[in-house]
J.: 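Before I ask anything, let me first share the structure, which is written out below as structure tokens.
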Amino acid sequence: MKTADLHLKEFIKSYEFLPSSLEEKTKILKKIYKNCDDIVFHPFFSKQSAYLLIFVSGLCDEEKIHEHIVRPIQHTSIVSPELPLIISHVTNITNTKILSNTLEIIDEIADGNAILFNDIENKAVSYRITSYEKRSIEEPQAESVIIGSREGFIESVSTNLSLVRRKIKTPSLKMSSMVIGTYSHTSIYISYIEGIASLQIVEDVKEKLKKLNVDAVLSNASIEEALEDNWSSPFPQVQYSERPEVVAAALLEGRVAIFIDGVPFVLMVPVTLFTLLQTPEDYTERFINGTLSRWLRYFFLMVALLAPSAYIAILTFHQEMIPTTLLLRIAQSREEIPFPAFLEALIMQVIFEVLREAGIRLPKQMGSTVSIVGTLVIGQAAIQAGLVSAPMVMIVAITGISSFLLPQYTLSIVLRWIPFPVMFLSGMLGLVGLMLGVLIIASHLCSLKSFGLSYLAPLAPNDSSLLKDVLIRVPLKFMKKRPSIYSSINPNRRNEGK
């Protein structure tokens, strides 16, 4: 039994080109848009001919339609009703397109364009006069900086493209479009700089996106999974940004950016682990401060990953490593704790994650209050009830705060869950288990690739020439070469030799 959707597709396919008669065109289009009360059919007449305008209510500027299309055609003295003549001599909207295929016409209507038909041609004119409510450009919420631009991407892809185009004003900046989503028909733009980006990576991105078969692209998740080489890994293999200058910098390094209509984040590939640990402020601060901030981030990445596991391992199996005075204090605080260190850490980590999740899900006005009050009250109550010790609360708190130092939210999510299996190994085997956990994570990271690029590059495989922008942030005047890990085309930056 055929579904209504299949019937509609077959009906549209049977009318690949609409007939010339306006009456027949109207009948076919009304059948296609049956029960679509937001689709406006606006017939009108000039002195010589009859016309029909179709558009989506709310997506088009109806005032402009009447002022720049309907009224000029009704009052024109030009006798020919041919559409090209109407476009060039009567209506004064420049962004137009002549269409003949029915599917193209349907796509243009869905994009919020107004479509004009007459009663003698089987073609149509698409007028781009889209007008719908959209958020104004604001400071990015997920990538805030002290010194830097206050512009952030919004949900309109055309606005996002223009923000990057304002920063890179060269025709070498290419924006290749495609449509993805059987029902959503979402516009995707693949951006790169010709002459800098690897064309092989650009083609790989296009090929992967062409193979993507989904009903709709409602978020970046569908696109992200299609771009990742290893979808089962918890580590992100795509970088997000809502800052135009970050995307512009990535394009100038030879990377590829993917813009999605309706999503205020731009995806960038390929990525490495060290790319995900860099922030825009690394390059706006003085190089010494930028380097120290970067080291702080690397150190607390390890703290977020290993601190509870190291505490469990040393306290359970290697007490001789703790100074005697400190060991006595810890022992005193754990006198009434009925659980081993592993269970104690597990309880506190789970409580911390519950509070963090509740803080995110609750309304903004309540979220921060619940997180702060919940952490203080529950932490204090757990200590007084003898469920956990004060040192363990401190270790878990430091671990949680350390994960907030990471600039990419997708990477900080990984550090919420990866410590749990490492804690289990440490609780079972001590430092041997901790090292086993580290080796498993390191092996997994070594096996990851993003569009053929090693996830740990340039550390593994080692390329010492590129470490100057990984371990340290050298002054900009010494950064004359683009990172060769992304592309070997045009390795010199523009300021070389100056």
Side-chain angles (χ1 to χ4, degrees), residues 1-17 32-36 39 56 59 97 99-113 126 153 155-158 160-161 174-192 197-241 247 255-271 410 413 448-453 455:
M1 184 177 176
K2 291 182 179 178
T3 62
D5 177 60
L6 194 57
H7 274 299
L8 180 60
K9 284 180 181 175
E10 288 182 352
F11 180 75
I12 294 172
K13 197 174 178 181
S14 65
Y15 287 100
E16 185 179 359
F17 300 101
I32 291 173
Y33 288 108
K34 184 182 177 185
N35 295 328
C36 297
I39 305 294
V56 182
L59 288 184
K97 194 189 294 183
L99 305 169
S100 55
N101 188 283
T102 307
L103 276 176
E104 288 179 345
I105 291 170
I106 292 171
D107 287 341
E108 289 289 314
I109 293 173
D111 284 342
N113 300 326
S126 169
F153 292 128
E155 286 74 10
S156 166
V157 70
S158 57
N160 295 344
L161 293 174
K174 305 300 180 187
M175 304 282 189
S176 180
S177 68
M178 64 171 60
V179 175
I180 296 178
T182 308
Y183 291 93
S184 66
H185 296 188
T186 306
S187 296
I188 309 285
Y189 286 83
I190 301 160
S191 177
Y192 61 96
S198 164
L199 292 180
Q200 182 60 50
I201 293 178
V202 175
E203 289 303 317
D204 286 349
V205 170
K206 289 181 180 176
E207 196 62 33
K208 285 185 175 182
L209 293 180
K210 279 178 188 171
K211 290 179 182 175
L212 184 59
N213 184 13
V214 292
D215 278 349
V217 179
L218 302 178
S219 70
N220 45 288
S222 308
I223 304 296
E224 183 181 348
E225 283 193 13
L227 295 173
E228 288 179 338
D229 289 348
N230 188 343
W231 55 268
S232 59
S233 172
F235 287 89
Q237 294 146 62
V238 174
Q239 184 184 359
Y240 292 84
S241 182
V247 174
R255 299 166 66 197
V256 180
I258 299 97
F259 295 77
I260 308 167
D261 192 22
V263 176
F265 291 93
V266 173
L267 313 184
M268 291 167 284
V269 292
V271 298
T410 48
I413 291 177
L448 286 181
K449 288 188 181 298
S450 173
F451 288 89
L453 174 64
Y455 200 62

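All values derive from a computational prediction rather than experimental measurement.
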J.: Which value, rounded to the nearest 0.5 Å, describes the distance between Ser14 atom OG and Lys9 atom NZ?
T.: 14.5 Å

J.: Would you give the length of the straight line joining atom CZ of Phe265 to atom OG1 of Thr410, rounded to the nearest 0.5 angstrom?
T.: 10.0 Å

J.: Ignoring hydrogens and geometry, is there a side-chain-to-backbone donor-acceptor pair from Asp261 to Val157 under 3.5 Å?
T.: yes

J.: Report yes or no: do Asn220 and Ser222 form a side-chain donor-acceptor pair below 3.5 Å?
T.: no

J.: How long is the straight-line distance from CD1 of Ile180 back to CG of Asp215, given to the nearest 0.5 Å?
T.: 13.5 Å

J.: Quick one: does Val263's side chain get under 4.5 Å of Ile223's, heavy atoms only?
T.: no

J.: Which atom names give the shortest non-hydrogen contact between Ser184 and Ala216, and what distance separates them?
T.: OG-CA, 3.2 Å

J.: Is there a side-chain contact between Val179 and Thr186, using heavy atoms and a 4.5 Å cut-off?
T.: no

J.: Quick one: are Met268 and Ser241 in side-chain contact, heavy atoms under 4.5 Å?
T.: yes

J.: What I'd like to find out is whether the side chain of Leu199 reaches to under 4.5 Å of the side chain of Tyr192, using heavy atoms alone.
T.: yes

J.: Is any side-chain heavy atom of Glu207 closer than 4.5 Å to one of Glu203?
T.: no

J.: Is atom OH of Tyr33 surrounded by more than 12 heavy atoms (other residues, nucleotides or ligands) closer than 6.0 Å?
T.: yes

J.: Can you list the steps and then say if Glu104 with Lys97 is a side-chain contact (heavy atoms from CB on, under 4.5 Å)?
T.: CA-CA 11 Å; Glu104 288 179 345; Lys97 194 189 294 183; over 6 Å; no

J.: Which residue is it: Leu267, Val247, Ile190, Ile188? I am looking for the one with a side-chain contact (heavy atoms from CB on, under 4.5 Å) to Phe259.
T.: Val247

J.: Can you find a pair of side-chain heavy atoms, one from Val271 and one from Val238, that are under 4.5 Å apart?
T.: no

J.: Could you go step by step and tell me if Ile201 and Leu453 meet the side-chain contact (heavy atoms from CB on, under 4.5 Å) rule?
T.: CA-CA 10 Å; Ile201 293 178; Leu453 174 64; over 6 Å; no

J.: Got a second to check how far Asp107's CG is from Ser126's OG, nearest 0.5 Å?
T.: 10.5 Å

J.: Atom CZ in Phe235, atom CD1 in Ile413: separation rounded to 0.5 Å?
T.: 12.5 Å

J.: Quick check: closest heavy atoms across Phe153 and Pro264, and the distance to 0.1 Å?
T.: CB-O, 3.3 Å

J.: Main chain of Val214, side chain of Thr182: is a donor-acceptor contact present, judged purely on distance under 3.5 Å?
T.: yes

J.: Verify side-chain contact (heavy atoms from CB on, under 4.5 Å) between Val266 and Ile258, making sure each step is shown before the conclusion.
T.: CA-CA 6 Å; Val266 173; Ile258 299 97; 5.8 Å; no

J.: Where do Ser177 and Tyr189 come nearest, in terms of heavy atoms and distance?
T.: CB-CE2, 3.5 Å

J.: To the nearest 0.5 Å, what is the distance between OG on Ser158 and CE on Met175?
T.: 11.5 Å

J.: Is Ser233 reaching over with its side chain to a backbone N or O of Asn230, donor-acceptor style, under 3.5 angstrom?
T.: no

J.: Please name the residue in the list Lys449, Gln237, Lys208 that meets the side chain to side chain donor-acceptor pair (under 3.5 Å) test with Asp229.
T.: Lys208

J.: Give the intermediate values and the outcome of side-chain contact (heavy atoms from CB on, under 4.5 Å) for residues Arg255 and Val269.
T.: CA-CA 6 Å; Arg255 299 166 66 197; Val269 292; over 6 Å; no

